[in-house]
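Because only heavy atoms are used, hydrogens play no part in the values below, and waters and symmetry mates are left out as well, while side chains stay in.
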Amino acid sequence: MAAPKKKKTSGTKTKSNSKKLDYHANPTHSITPFLMFNANIEEVAKFYASVFKKSKIITANPMQGEFILNGQKFTAYNGGPEFKFTWGVSFMISVETQREVDYYWNALLANGGKESMCGWLQDQFGMYWQVTPKILLQLISHKDPIKAERATQAMLKMRKIDIATLKEAVS
């Protein structure tokens with residue numbers, strides 16, 4: 001007689017109390033950022049859709065909306081002046097080239113955004129963004145600690161990240 005086939009489960013985890021937990025991926029359990037703005041959400045959605053080329057506004061009116069930016073779904077609500085964004089939550093845009101850095105930097109600063117240090121900025125609606133070239137993360141975590149430190153020190157002097165200056169700092 002053949003041994004019974006084992007039941008396949010995905011992501012089985014065991015807690016310290018030895019109870020078995022099964023996790024079965026379900027699209028209804030996805031994580032969607034829910035953002036509370038002090039702004040007309042229709043304007044917010046249109047602005048972000050104009051910045052991110054792969055975007056779609058699902059629904060938007062002055063009070064609430066849903067939109068997709070580069071594959072990430074967002075839900076937004078106009079909560080009023082008591083809702084303000086902080087540095088504690090930001091969105092990192094991972095890019096390859098200086099041209100992409102410049103594009104996102106300039107687009108997100110339009111209409112009253114504010115520059116900050118190390119590739120961070122705040123857009124006109126108060127949302128914090130990091131425009132981060134992949135090479136930056138590679139260089140500041142370089143296996144050679146001297147090169148990593150040089151890259152870090154170069155980054156700390158920048159507002160918008162300059163890829164050529166980073167590369168020069170480690171060479």
Side-chain angles (χ1 to χ4, degrees), residues 10-11 23-142 151-152 154-169:
S10 63
Y23 172 74
H24 301 281
N26 186 334
T28 61
H29 296 162
S30 66
I31 297 173
T32 303
F34 187 98
L35 307 173
M36 296 290 279
F37 288 86
N38 178 26
N40 178 320
I41 300 304
E42 191 169 21
E43 290 176 16
V44 169
K46 285 179 181 177
F47 174 71
Y48 291 145
S50 75
V51 170
F52 295 92
K53 303 301 183 206
K54 295 178 184 174
S55 65
K56 178 181 180 181
I57 298 173
I58 299 167
T59 181
N61 62 50
M63 287 304 296
Q64 60 189 14
E66 288 187 346
F67 43 90
I68 298 170
L69 308 175
N70 286 4
Q72 175 63 55
K73 184 178 177 184
F74 293 84
T75 299
Y77 192 80
N78 182 350
E82 63 271 15
F83 290 97
K84 296 183 183 344
F85 296 109
T86 70
W87 286 83
V89 175
S90 63
F91 293 102
M92 186 172 80
I93 307 164
S94 184
V95 298
E96 296 283 342
T97 67
Q98 188 65 48
R99 183 176 176 181
E100 291 171 305
V101 170
D102 296 345
Y103 168 77
Y104 285 112
W105 189 262
N106 295 329
L108 289 167
L109 285 174
N111 306 316
K114 298 174 187 163
E115 290 186 354
S116 193
M117 298 299 295
C118 306
W120 291 60
L121 62 87
Q122 186 179 28
D123 70 27
Q124 64 180 314
F125 300 109
M127 177 57 64
Y128 289 91
W129 298 88
Q130 299 174 58
V131 183
T132 309
K134 291 178 184 177
I135 188 77
L136 169 65
L137 300 177
Q138 293 166 359
L139 293 175
I140 65 174
S141 61
H142 199 283
T152 300
M155 175 199 64
L156 290 172
K157 295 174 186 167
M158 297 178 189
R159 289 190 175 271
K160 177 176 68 173
I161 301 300
D162 182 306
I163 294 173
T165 302
L166 284 173
K167 288 179 177 178
E168 185 179 306

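- In plain terms, the two heavy atoms of I163 and E96 that are nearest each other are CD1-O, 3.9 Å.
- Between L108 and F47, some side-chain heavy-atom pair lies under the 4.5 Å cut-off.
- Contact check for T132 versus I161: no side-chain heavy atoms found under the 4.5 Å cut-off.
- Residues that satisfy the side chain to side chain contact (heavy atoms under 4.5 Å, CB included) test with I31, not counting sequence neighbours, are absent from this structure.
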Worksheet item: What's the verdict on side chain to side chain contact (heavy atoms under 4.5 Å, CB included) for L166 and M158, showing C-alpha distance, side-chain angles and the deciding distance?
Response: CA-CA 10 Å; L166 284 173; M158 297 178 189; 3.8 Å; yes
Worksheet item: Where do V131 and K160 land on the side chain to side chain contact (heavy atoms under 4.5 Å, CB included) test, with the steps shown first?
Response: CA-CA 8 Å; V131 183; K160 177 176 68 173; over 6 Å; no
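- Residues K53 and Y103 have side chains in contact (heavy-atom distance under 4.5 Å, counting atoms from C-beta outward).
- Between W129 and Y48, the ring center distance clears the sub-6.0 Å criterion.
- Considering all non-hydrogen atoms of both residues, F67 and A76 come closest at CE2-CB, 3.9 Å.
- Within the 4.5 Å cutoff, no side-chain heavy atoms of W87 are placed close to those of Q122.
- When all heavy atoms of S55 and A49 are compared, the closest pair comes out as OG-O, 3.0 Å.
- One finds the CG atom of D102 at 8.5 Å from the CG atom of D162 (value rounded to the nearest 0.5 Å).
- Here the side chains of V44 and M127 are not in contact, with every heavy-atom distance at 4.5 Å or above.
- Taking every heavy atom of both residues into account, N40 and E42 meet most closely at OD1-N, 2.8 Å.
- Proximity of D123 to V51: side-chain heavy atoms (C-beta onward) are nowhere separated by under 4.5 Å.
- Nearest heavy atoms, N78 versus I41: N-CG1, 3.5 Å.
- Note that the NZ atom of K54 and the NZ atom of K56 stand 15.5 Å from one another [nearest 0.5 Å].
- Here the CE atom belonging to M117 is positioned 10.5 Å from the NZ atom belonging to K157, to the nearest 0.5 angstrom.
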Worksheet item: Taking it one step at a time, do M92 and L137 satisfy side chain to side chain contact (heavy atoms under 4.5 Å, CB included)?
Response: CA-CA 12 Å; M92 186 172 80; L137 300 177; 4.2 Å; yes
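- Residues L109 and E115 are in side-chain contact: their nearest non-hydrogen atoms beyond the backbone lie under 4.5 Å apart.
- Taking the six-membered ring where tryptophan is involved, the planes of F91 and F74 are perpendicular, since the angle between them exceeds 60° and thus also 30°.
- Between atom CZ of residue F34 and atom OH of residue Y77 there is a gap of 7.5 Å, rounded to the nearest 0.5 Å.
- Ionic pairing of K73 and E66 is present here: one or more N-O contacts between side-chain nitrogen and carboxylate oxygen are shorter than 4.0 angstrom.
- Nearest heavy atom pair, residue G79 against residue M36, reads CA-CE, 3.9 Å.
- Y104 is not listed as a side-chain neighbour of L121, based on a closest heavy-atom distance of 4.5 Å or more.
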